[in-house]
Amino acid sequence: MARIASSLYARTALTLAIAFVVFQAAAFAAVYRTLIIPLAERSADDLAGLIVLSAQTWVELPPQTRAAFERELADRHGLRLTAGDPGAVADAPQFAFRAQIEAALSRRVGVPVKLRGVPATRAAWLDIPTGGHALQVGFYPARYAVKPPLAAIAVIAVGALLSLLTALLLVRRITLPLARAARAARQVGAGQLPEPLPETGPAEVAELARRFNTMATEVRELLDNRTTLLAGISHDLRTPMTRLQLHLEMLRDAPSPTRIDRAVADLADMNRLITGYLELARTTQAEARTRFDLAVLLEEIAIDAGLSGFSAAPCTVEAGRLALRQIVWNLIQNAQRYGGAATVELELECAEREARVTVRDAGPGIPEDQLEKVFRPFYRLEASRSEATGGSGLGLAIVRQLAATNGWKVSLANRRTGGLEAVFEIRR
């Protein structure tokens, strides 16, 4: 119950309810002061004028016509005018706007007037001294008292209720996707892949759902890559460690420079594998962007890789220099490993909005159904993990991860003339 009360929906609903109650109270107060009170005062003044005028007319009439006049007042206006005693009197019953009627009568008569009543009746009586006569005038307050405009109050109340229900419905439509996102976030935190959130509703909510679905997928991929990485580490390091242990045991009995060289080579293999794992782990963070000439950087990479004949016009880009260099270097190394160093070509196309780096080789290519699979960590077309036939299978995985982290695109395609073409696209 406490959790529900502290939810966004409950708090918003309570805030809206309080706001609408305050609004209704303020609206009623405004209607009461600007409409009901003025109408009551005007009605009270009209009633006081009618009573005083009726009393003056009664005094001026001949005695034989006064009875007819009294009946006319009773039938047409609900007033009873008499010079006799109406009976035992008491304080008049309380009714709406009694104070306004007494004040109006006091102004008309010229003396303070206090209404009184007769037991067992609902009439209110008052004394009017006129023309030497002590007249008593009675009337029914229910006939003359101004009644609150119930229609206006009902409109205000219904309008406030409908507005409140509409607001709560809109709030529910907003908070429901947020509640779904919160549940899905808990699942992601637990290492699970939740069902994709519906990408519907207002633009902001739909955009939030799309972003969350993308994030959940990326988190799942990161967890899968972590699992694969740990499995690859345990698999790849086991072989050189076993060989190193064997060499050390044999050196205990018969020292040999050859065995020492083999142990050193095993250590170098282990260091190379660990370096590759660290490079893959660092690809989850984007590098700070700087502006530089991509053509100059590619020329440096071509020289380091032993490529000849590369030349390109200046092409300024804003990107992470180290990440870009790592991607191009890995693509060239992959092309040289499978296509032969002499067949690798490096090309740069600089357009207005993007730069495209292409690495081509004349190797055997890749089956079409495996062009995407080779970007997975440790995935290789041949089963071994030897340095001579392709290393540990992390090069293209590092390329894809670095490109995705920095917002770039890398794709592979088989050439019609034979070989493989790697295209690396960078937004300028």
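Quick caveat, the model's predicted, so the values are computed rather than measured. Along the sequence shown, residues are numbered consecutively beginning with 1. Computed over heavy atoms, backbone and side chain alike; hydrogens, waters and symmetry mates excluded.
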Practice problem: Kindly state each residue pair satisfying side-chain hydrogen bond (donor to acceptor under 3.5 Å, both in side chains) with at least one member in residues 417-428, sequence neighbours excluded. | Solution: R356-E425, R360-E421

Quiz prompt | For G339 against T343, the heavy-atom pair lying closest together | solution = O-OG1, 2.7 Å

Self-check item: Beyond-backbone contact of W408 with L324, side-chain heavy atoms, under 4.5 angstrom
Solution: yes

Practice problem: Indicate yes or no: at least one non-hydrogen side-chain atom of L348 is less than 4.5 angstrom from one of T358. | Solution: no

Practice problem: Please name the pair of heavy atoms, one in L294 and one in A355, separated by the smallest distance, quoted to 0.1 Å. | Solution: CD2-CB, 3.9 Å

Quiz item: Does the S106 side chain pair with the main chain of V113, one donor and one acceptor, at a distance under 3.5 Å?
Solution: yes

Exercise. Please report the closest heavy-atom contact between V410 and F424, naming both atoms and the distance.
Key: CG2-CD1, 3.6 Å

Quiz item: Okay, side chain of S43, backbone of L39: is any donor-acceptor separation there less than 3.5 Å?
Solution: no

Quiz prompt | Lys/Arg-Asp/Glu bridge criterion (N-O < 4.0 Å) met for R211, E207 | solution = yes

Quiz item: Do you know which two heavy atoms are closest between R80 and W125, and how far apart they sit?
Solution: CD-CH2, 3.3 Å

Practice problem: Output yes when a side-chain donor or acceptor of N406 lies under 3.5 Å from a complementary backbone atom of L402, and no otherwise. | Solution: yes

Quiz item: Looking at CD1 of I51 and CG of L81, how far apart are the two atoms once the value is rounded to the nearest 0.5 Å?
Solution: 9.5 Å

Quiz prompt | Exceeds 12 heavy-atom contacts within 6.0 angstrom, atom CZ of R289 | solution = no

Quiz item: Should the heavy atoms of other residues, nucleotides or ligands under 6.0 Å from NZ of K373 be counted, would the total exceed 12?
Solution: yes

Quiz prompt | Salt bridge flag under 4.0 Å for residues R400 and E372 | solution = yes

Self-check item: Basic-acidic side-chain contact under 4.0 Å: R321, E300
Solution: yes

Quiz prompt | Nearest heavy-atom neighbours spanning I366 and N414 | solution = O-ND2, 2.6 Å

Quiz item: Looking only at heavy atoms, which two atoms of A185 and F212 are closest? And how far apart?
Solution: N-CZ, 3.4 Å

Quiz item: Can you name the side-chain contact (heavy atoms from CB on, under 4.5 Å) partners of R107, sequence neighbours left out?
Solution: D45, A103, A104

Quiz item: Between R325 and D304, is the closest basic N to carboxylate O distance under 4.0 Å?
Solution: yes

Self-check item: Pair D361-Q336, side-chain donor/acceptor within less than 3.5 Å
Solution: no

Exercise. Verify, without hydrogens or angle tests, whether N213 (side chain) and L197 (backbone) share a donor-acceptor contact under 3.5 angstrom.
Key: yes

Exercise. Taking T65 for its side chain and L61 for its backbone only, find out whether a donor-acceptor pair lies under 3.5 Å.
Key: no

Quiz item: More than 12 heavy atoms of other residues, nucleotides or ligands under 6.0 Å from CZ of R291: is that the case?
Solution: yes

